[in-house]
Each structure stands twice: as C-alpha cells, then as structure tokens.
Amino acid sequence: MYPKRLALLALSTALALPGLAIAAPGNGNAFGRKPVTTTTTSTSSTTSTTRTTTTTTTTTSTSSSTTSSTTSSTTSTSTTSSTTSSTTSSTTSTSTTSSTTTIPSCLDGSGPLITLTGTWATSYDNRALLDLTRLDARQATFLPSPTDLYPLNLGGGSGTCVSGGVELGQYDRSLTWDQMHTMNNAGVRFENAGVTVENVRIDDVADGIRPVAGPFVIRGTWLSYVRDDCVENDHVQPGLIDDSLFDGCYVGISERPSLAIITSGYDGRNDLLTVRQSLIRLQPMPGPRGGLPTDFGNGQFFKWSDLATHLELDDNVFLAEQVGEGGASTMGIPSSLVGCSNNVMVWLGQGPYPAPLPACFTVTTDRSVWDAAVATWKLRHGVVP
C-alpha cells in the first residue's frame, strides 16, 4: 500500500537501526541508549533413585515312596525373601550468566566518516555528501542564532548518518511565534534521501528537524523549547520517528505543505509516517500565533493536510496543558491514521480532553505518568539528572 515503506524498512536494516549505542563516559556531548545487559539463569536438577526391590525365591522338593497300591507324596516348600531398601537423592545446581549487547548506531556503517568537534557559531553546510556518509558530531556543540539559521544543513548522496551533537539556540526566548517563524530556521535540515538522525540534542529553535527528502529515520533525539514544529515534514516524506523525547513543542509534527511545495509536486498520500515509543509534549509559549505578545499558547500535536502521509502511532505518550490556538477540533488525531496501539494522552487542561481520540488511546489527568516516562527515557539514554 505504501511503496516507500519498503525502502524505509530496507534502510533500517542496512543501517542497523534496532537501537542506539551509548557514548562512553566523558565522550563530549554524545548520549544515546545504554547497552542492554541480558541475564540468563539456568537451573539443572539431577535426581538419583534406588528403588525398593523384594525378591522371593520358592524352592519345592518332592519325596515319593510307594508300597503295593498305596502312594504317598511329601512336598516341602521353602521361601526366601530379600529386600533392598530405597534411597533417593536429589541434587540441584543453578548457574547465572550475564551478557551485554550494545545496540548498533548508524555510525557502525562503512561509508565515509566526517568528524565534527568543538563549538560552531556558523553553519555546517554540506550539500555534496557522498553516499552512506557518517557524520559524527558527538564532540560538537552548535549555536543556532539569527545569523546561523541552519547549523546542520545537508544534501548530496543517500544514506547519511547524523549522530550526536548538541544545539543550544541563542534566540531570545521571549520572542513571539511570528518573530521566530519569520526567521525560518531549523536545527537539522536535510534534502538527501535515506538520512538517519540519532542522539541529537536541540533546544531553542523554530523547527527542530526538517526533512526535505525521504525516507528518513529520527531516533533517540531530545528536543526542547521548539518554537514551531518539532518535526517539520511539510514535504510529506515517509519516515520513522522512534524512541525520541520532544519535551516542549509548539506543534508536534507538521505535514502541511506550502503552496510552493504543492506546486513542486510533493504528495504523501501513498506514504507512511510511523511514530513509536516516543514522548511529545505541547508547551505554551510566549506570543502564540494569532495571540498577543503577552499571551502564552501552543499549537497542536499534528498539523495535517489532505496531502499528508498515512500515520501510525504505537506506544507513545503525549501531554497537553491547554487547548491549542486553533481550537478544540485541532487537538485530535489525523484521519489518515492507519495503525495505532497503546498510546497515552496526559491531559492537564479543564474538563475532558477537547477532541475525540481513537480507541488506541488512554486518557489520564495524572501528570506523574508523563514525568515517569521522561525519567525512564533519560535513564535509558544515560542522561545525568
């Protein structure tokens, strides 16, 4: 049904995407999923049993004597019984073995390696990457700002791996939505197919990650105070968002192409975006769209259009404190949903949740559900409290 989904699955296999590798202690700005330790306990029991055996021996002897027509017979029987007592002994031994498996990173590939280190106040702009390039930014810090709108701006060959790195936005945190949106900036932007972005930390930008081509994989990323879209997928590309923490988005995910994008022929209706095992929180921010600079507001989880991809949601936790600036009707789940299981909506606003949710959602007003999920994610990714 979704031709590019096969390409995405093939990409995931080729880049060894079941999980992430954690950086070694002291490895700069990198973080990721901790190695998985598997403990196996085996128990063996040995039982020896000597059964009780009773042996009976019967001996018969016959004596006969005959006189004329009279016959007499004498029979003697002797019985000997021997009994062997039973003895049962049981021995149980238990052994425990532990093995540690490091979940692969896209850096484990074999393509060209580019290592970025130090602090970057200007953009790393490379639109001529070779196929399967590995971009190791685990030792790099980027400073997005009004003079550095795209700290990572990539293109070229397919299958690029972007791993690690911290982006600390230098934008005034009191700027309104319109002021940030007008600058049109994003933490990571890429226009090549088959990109994986993993273990990246981004704070204080307009858009977090902006795919222009697909399929793409976003995994193990941690975004906060994103003033517009945590993921701006307005080019409606197929992709996977996995095991990520979006802890403060104005809008969660956008798939609303501009007129220019539509005119260029982009159409996601035959493609699929999957979001799984991730956490997405809408954060009220200053000067929301259509509001006063003194107001605090947020958008919606999914900003969708008729050209958007199909959507699958599995094992995610969402949190909203209030209705989005677009009204209650925008707080629901897109009608292009084709797969859904085990999602939680944490609602901290007034009354019941403002929009209908499918049966694959459980609604709770308990903030601790979100807090526990965040704490678990950070522990799993080696984030120091």
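We use all heavy atoms of the structure for the numbers below, so side chains are in, but hydrogens, waters and symmetry mates are not.
Considering only heavy atoms from C-beta on, I209 comes within 4.5 Å of I202 through its side chain. The side-chain heavy atoms of Y171 and M183, taken from C-beta on, include a pair separated by under 4.5 Å. In this structure, the side chains of F361 and V344 stay at 4.5 Å or more apart for every pair of heavy atoms. Two residues are said to be in side-chain contact when any heavy atoms from C-beta on lie closer than 4.5 Å; P211 and F216 meet this criterion. The shortest side-chain heavy-atom distance between L132 and T160 does not fall under the 4.5 Å cut-off. Taking 4.5 Å as the limit, some side-chain heavy atom of L273 sits within range of a side-chain heavy atom of E255. The shortest side-chain heavy-atom distance between I218 and S244 falls under the 4.5 Å cut-off. No side-chain heavy atom of R210 sits less than 4.5 Å from a side-chain heavy atom of F190.
In summary, the side chains of D172 and S174 do present a donor paired with an acceptor at a separation below 3.5 Å, with no hydrogens or angles considered. In summary, the side chains of D136 and T115 do not present any donor paired with an acceptor at a separation below 3.5 Å, with no hydrogens or angles considered. Residues N199 and H381 have side chains that never bring a donor and an acceptor to within less than 3.5 angstrom of each other. In this structure, a donor-acceptor pair under 3.5 Å is absent between the side chains of W120 and T141. A donor-acceptor contact closer than 3.5 angstrom links the side chains of N126 and Y124.
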*asked:* One pair to check against side chain to side chain donor-acceptor pair (under 3.5 Å): D148 and T122. What are the steps and the verdict?
replied: CA-CA 5 Å; D148 182 13; T122 57; over 6 Å; no
*asked:* Determine whether R227 and D207 satisfy the following criterion, salt bridge (charged side-chain N to carboxylate O under 4.0 Å, His left out), listing intermediate values before the conclusion.
replied: CA-CA 7 Å; R227 305 300 308 281; D207 292 326; over 6 Å; no
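No donor-acceptor pair under 3.5 Å is formed between the side chain of T133 and the backbone N or O of L129. A donor-acceptor contact shorter than 3.5 Å links the side chain of N316 to the backbone of Q277. One N or O on the side chain of T176 and one on the backbone of Q179 form a donor-acceptor pair closer than 3.5 Å.
A cation-pi arrangement is present between R173 and Y225, with the terminal nitrogen or guanidinium carbon under 6.0 Å from the aromatic centre and inside a 45° cone about the axis.
Salt bridge status for R276 with D242: present, with a side-chain N to carboxylate O gap under 4.0 Å. By the 4.0 Å N-to-carboxylate-O rule, R127 lies close enough to D125 to be salt-bridged with it. Using a cutoff of 4.0 Å between basic side-chain nitrogens and carboxylate oxygens, K303 and D229 are scored as salt-bridged. Salt-bridge check for R219 with E198: failed, with every basic side-chain N at 4.0 Å or more from each acidic carboxylate O. Salt bridge present: D247 and R281 bring a charged side-chain N and a carboxylate O closer than 4.0 Å. Salt bridge R289/D228: absent, no basic N to carboxylate O contact under 4.0 Å.
Under a hydrophobic-cluster definition in which Ile, Leu, Val, Met, Phe, Trp and Tyr are linked whenever side-chain heavy atoms come within less than 4.5 Å, directly or via other members, M285 and V251 are assigned to the same cluster. Transitive grouping of hydrophobic side chains (ILVMFWY, heavy atoms separated by less than 4.5 Å) keeps Y266 and W304 in distinct clusters. Hydrophobic cluster membership differs between V236 and L272, with clusters built from Ile, Leu, Val, Met, Phe, Trp and Tyr side chains linked at under 4.5 angstrom.
Ring geometry for W177 versus H181: interplanar angle under 30°, hence parallel rather than tilted (30 to 60°).
For the atom pair Q283 CD and I280 CD1, the distance stands at 14.5 Å (nearest 0.5 Å). To the nearest 0.5 Å, the span separating CG on D314 from OG on S341 amounts to 3.5 Å.
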Result block: side-chain N/O donor-acceptor pairs under 3.5 angstrom for residues 321-334, not counting sequence neighbours:
from, atom 1, to, atom 2, distance (Å)
Q322, NE2, F296, O, 3.3
T330, OG1, G327, O, 2.7

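The heavy-atom pair separating N298 from P284 by the smallest distance is OD1-CG, 3.6 Å.
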